[in-house]
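Below, chain A is the first sequence line, B the second, and so on; all start at residue 1.
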Amino acid sequence: MNITNMLKKTLGFRSNVDAQASAVRGAQSLSTFYYLRHKKEAVIGMAIIAVFVVWSVIEGSLQLIGSYLRKPSLGWLLLPHNPISSPNVATSLLPPSPAYPFGTNFEGQDILSRLLYAAPKDAIAAFAVVVSAVIIGALFGIVAGYYGGWVDEILMRVTDAFLAIPGLILAIAFSILIGPGFNSVLISLTIIWWPVYARLFRGQTLTLKYRGFVEISRLFGVSEIRVLFKHILMNAIDPIIAYMALDFGTVILTYSTLAFLGIGVQPPYPEWGSMASDGLSFFPRAWWYTFFPSITILLIVIGFILFGDSFQDVISGRVVD
Amino acid sequence: MKRMQSNFIFFVIRRIINALVTLVLLVLLVFVLIHVILPTPQAMAKVYIGSQHYTAAELNSVIDRYGLNQPLYVQFFNYVVDVFTGNFGLDSLYKVPEMQLLDRFIPITLEFVLIATALQVVIGVFAGGFAALWRGQVPDWIIKVLYLIAWAAPVFLLATLMQFAFAYDLKLLPALNMANPVLVPPKPITGYPLIDAAIEGDWAYFDSLLTHMILPVVSIAVAGFGLTTRIMRNSAVEVFDKDYVRLAYMKGLSNGKVLFGTVFRNALIPIVTLTAIQFGFAVSGAVVIEDVFLYKGMGFFLYQSVTSMDYVAIIATTIIVGISVIIANFAADLLYAVVDPRVKLE
């Protein structure tokens, strides 16, 4: 029996370390939620997010089934009015009333129905962009941080170049070049979003790579992929999850701003940002036209910020109550 | 002392090289993406023509003129040279060199974005310092609510609310345009409207420019002050725990004296770097703000280019904005090294 094997035996290395790590992680995430439940801001944030997500799932699946069965009317089964009805002069620009709680737009469509109808697209955008950005960012960031040297230098200069241009302007350029449509906005948002995560993961990797458990695993010949995935990624992810929670809101904000500038989902399909921008021509007379879509965006983003903010507080150990 | 100086020179040189590499990479990035999206010379030529109606001869002449048939590395080299000499090609809509248009629009935006960034930093620093002084109490909480709302609000909501309140309802300030359209603008000398009006002594126009600038500037500042406030608050809270602050209190100094004399000076250091980042956000915000207020600067030009699918203009604007942000970051790095002696000049 050589010395390495003996060490392994006495430490019970493989199973034990992994089990310990996951037990600690389990306890951490449990206590995180315990704390969050007792923070008022976090509860408000989670409530807003829950309503938004549940509604998006219901409405989104109705729209999906509707388009699959070629019965688009299924998409507004639960809505008070048809959100994409043909223009109707009689109901054009009506102020808020019991029949139209948020008023109507120039085409005579109900603004509340249009807001609800557009929700799933925003949820998809936020989820798709943040998750793909995290995956790409984790890949580049961990590789750069772990291997260092010229790999690191090149990757970090590339992220610098991306970060040099204000995100919104870069997203405008990309989505115009790729062409109109929802998917092109998702792609361009992902292109501008990953560098931040690459930076975050790199920073985390740098602090982790010389820690005891990583060095021991390397010493025992644990494969590189496993070290990177199990020990670096899994331990780096906590602060990044908090940042992600905040970021869902930021993506929705940027996505709406792009829609405001006329980039993304094409008419007649509603989009919060484009509704607000359409309303500007009738502002301030038909104030509800711009006001309600903007307020909806504000509310959803606040939900994510409140949640992400308290989450960050808990994780960084600044919890007082 | 001499050692410090030579270190500082090395630091500056290193930063300059860094900035230049980032710049070239930025151009490479734009170049690669254009070529991924438009892989053939024909597709590129269509973009330069900028309309759906063209003959085969026109297409070929554009391919020749811009050298779109050459190997990619030659094209890239030419592209870099063109960018650094300010040659972005002809605007596909106005049919004049792109740089001529940007020369007109950039100073207008730069002027009000710089003022907005400065205002935003001032608001953020004071709000953050104030919140730190009252940490954990009602004022801290109120400031947090305010900046979270400002942070989460879409820029166009802030802008339209301001417009509604101060222009349409209270009728205190003009709602649209850069200046009163009845007045004759002064001849452009520097390109910066405020400076031109001041040079020519056209105070009526100067006054009109200022009053028209207030709402856009305040909108951008409000949209951006959240991040500064947050970072200033946290950095000031950290400073409040330091021994030298306790010493200042023990010397019997008042709250205000400690805040302005001791805490601000130390807590302000991260704000230097942040200001460069905020400048970038302000430029983004300008695209929306200029659209709402019909403020005819670079953002408005970009918005128009988007609606008319003017690719040449969009790419040129993107690169120019990138360059200005890189310069801002470079300046912030240098300033940072000057104000914080603890920075390692490596």
Asker: Should the heavy atoms of other residues, nucleotides or ligands under 6.0 Å from CZ of A/F162 be counted, would the total exceed 12?
Answerer: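 Enclosed: over 12 neighbouring heavy atoms sit under 6.0 Å from CZ of A/F162.
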Asker: Of the non-hydrogen atoms in A/I165 and B/G322, which two are nearest, and what is the gap between them?
Answerer: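 Heavy atoms only, the tightest pair is CG1-CA, 3.8 Å.
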Asker: Among A/L177, A/I302, A/I252, A/I300, single out the residue with the greatest number of heavy-atom pairs under 4.5 Å to chain B.
Answerer: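 That would be A/L177.
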Asker: Where does B/L23 contact chain A at under 4.5 Å (heavy atoms): side chain, backbone, both or neither?
Answerer: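 Interface part for B/L23: neither.
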Asker: Need one label for B/V21: side chain, backbone, both or neither, based on atoms under 4.5 Å from any heavy atom in chain A.
Answerer: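 Contact with chain A: side chain only.
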Asker: Please report the closest heavy-atom contact between B/Y311 and A/I176, naming both atoms and the distance.
Answerer: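 So the minimum-distance heavy-atom pair works out to CE2-O, 3.5 Å.
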Asker: For the CZ atom on B/F31, are there more than 12 heavy atoms of other groups (residues, nucleotides or ligands in this structure) within a distance under 6.0 Å?
Answerer: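 It does: B/F31 CZ has more than 12 such atoms within range.
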Asker: Tell me, out of A/V301, A/I169, A/T257, A/I295, who's got the most heavy-atom pairs with chain B below 4.5 Å.
Answerer: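 Top option by heavy-atom pairs under 4.5 Å: A/I169.
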Asker: Do you know which of B/V321, B/T22, B/T307 has the most heavy-atom pairs under 4.5 Å to chain A?
Answerer: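 Most heavy-atom pairs under 4.5 Å with chain A: B/T22.
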Asker: Can you pull out every salt bridge (charged side-chain N to carboxylate O under 4.0 Å, His left out) where at least one residue sits in residues 149-172 of chain B? Sequence neighbours excluded, please.
Answerer: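 As it turns out, there is no salt bridge (charged side-chain N to carboxylate O under 4.0 Å, His left out) pair with a partner in residues 149-172 of chain B once direct neighbours are skipped.
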Asker: For the candidates B/I34, B/I149, B/I319, B/L161, which exhibits the highest count of non-hydrogen atom pairs separated by less than 4.5 Å from chain A?
Answerer: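 Top option by heavy-atom pairs under 4.5 Å: B/I149.
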Asker: Looking only at heavy atoms, which two atoms of B/V325 and A/P166 are closest? And how far apart?
Answerer: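 Closest approach of B/V325 to A/P166: CG2-CD, 3.9 Å.
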Asker: Determine whether A/I297 and B/L157 make a side-chain contact, defined as any pair of heavy atoms from C-beta on separated by less than 4.5 Å.
Answerer: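 They are not in side-chain contact.
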